[in-house]
There are 2 protein chains.
Amino acid sequence: MTSQRRVIVQVLAESDDHPAAEDVYRRASRIEGRISLATVYRTMRLLEEAGILEKHDFGDGRARYEEIQRAHHDHLIDVDTGEVIEFVNEEIEDLQETVARELGYRLTGHRHELYGTRINKPEQD
Amino acid sequence: MTSQRRVIVQVLAESDDHPAAEDVYRRASRIEGRISLATVYRTMRLLEEAGILEKHDFGDGRARYEEIQRAHHDHLIDVDTGEVIEFVNEEIEDLQETVARELGYRLTGHRHELYGTRINKPEQD
DNA sequence: TTATATGCAAAGCTTTTGCGCTGGC
DNA sequence: GCCAGCGCAAAAGCTTTGCATATAA
């Protein structure tokens, strides 16, 4: 357990958004100057393989991470602002299982993101 | 309308899988030797912006394409073989709309892929 | 001490782009 | 003849990796 790994874990614990590797690197650098982007990538991979992190792709070309701690959820991405909203819908979760089973598959994972724009924006004028 | 674009469109029309740019390039090269990967990328982007192609990400680091011709569908990816199975589930589609609306959003798109392994593999022996 | 982790820089991969040339119309 | 489109090669952006050094245990 090196100081770098400690700091990365700390940063992730304190983050309630979905940072990219670069973001984690920037936040970690403020706490521990002696850290490199390569180490961040290496550690993120370890944490993901250990089942501690979840890796997402929100369509902007970089991987985005979050800790697996709370209950499972999916994401809705505001296409105007990039904001990420989490949601859970048990019905959808169940239907995914059903669909997979009917096709002869056991579900090992899924990727489910909604993209949308806010209705009734307040800052309209 | 150049010969290159004609060939790319032809390749896409003849493909019923979800080729990456490199695949399209390879298939097109067999028909028309004088074609470059850059042209494939440029044309794919045009076709996507024109609403003729749909761009997917199945988690292998490259973009995968398919023509928008049939009804909308989602994908189930066989994590063992990479095979891609298409499916439609209206209930899920409706629930996505509902979820977005409840969060104050109008849905502009979604990304929904299931990952799984076959049940009852024949080659289990 | 000794294996493991790190930093740095180079390289890998997919995708994009600058530029001079080609070829449809 | 013009100009959109092409090929080529370089570059861009994210991520991985080789290697010598540093550090935890």
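What's counted below: heavy atoms across the whole structure, side chains too, no hydrogens, waters or symmetry copies. Below, chain A is the first sequence line, B the second, and so on; all start at residue 1. Because the structure is predicted, anything quoted here is derived from the model rather than measured.
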Using a strict heavy-atom distance below 4.0 Å, which residues from residues 55-64 of chain B are in contact with DNA chain C? B:Gly61, B:Arg62, B:Ala63
Does OP1 or OP2 of D:dG7 have a side-chain N or O of B:Gln4 closer than 4.0 Å? yes
Output yes when a side-chain donor or acceptor of B:Thr43 lies under 3.5 Å from a complementary backbone atom of B:Arg5, and no otherwise. no
Assess the side chains of A:Glu93 and A:His73: does a donor N or O sit below 3.5 Å from an acceptor N or O? no
For A:Asp74, the salt bridge (charged side-chain N to carboxylate O under 4.0 Å, His left out) test, sequence neighbours excluded, returns none
Look at the side chain of B:Asp23 and the backbone N and O of B:Ala20, then say whether any donor-acceptor pair between them is shorter than 3.5 Å. yes
Can you run down the ring-ring contact (aromatic ring centres under 6.0 Å, His included) pairs that involve residues 2-39 of chain A, sequence neighbours left out, and say none if there aren't any? A:His18-A:Phe58, A:His18-A:His75
Can you name the closest pair of heavy atoms from B:Arg27 and B:Ser15 and give their distance? NH1-OG, 2.8 Å
Of the residues in residues 7-27 of chain B, which ones touch DNA chain D at a heavy-atom distance under 4.0 Å? none
Could you go step by step and tell me if A:Arg62 and A:Asp57 meet the salt bridge (Lys or Arg N to Asp or Glu O under 4.0 Å) rule? CA-CA 7 Å; A:Arg62 332 154 302 143; A:Asp57 169 21; over 6 Å; no
With the threshold set at under 4.0 Å for non-hydrogen atoms, list the residues of residues 32-46 of chain B touching DNA chain C in residue-number order. B:Ala38, B:Tyr41, B:Arg42, B:Arg45
Just by distance, do the side chain of A:Gln96 and the backbone of A:His110 share a donor-acceptor pair under 3.5 Å? no
d(OH, B:Tyr65; P, C:dT15) in whole Å: 6 Å
So, is B:Thr2 close to the C:dG24 phosphate, meaning a side-chain N or O under 4.0 Å from OP1 or OP2? no
By side chain to side chain contact (heavy atoms under 4.5 Å, CB included) - contacts of B:Arg45 (at least two apart): B:Glu49
Closest approach of A:Ser29 and A:Ile35, non-hydrogen atoms and distance? OG-CG2, 3.7 Å
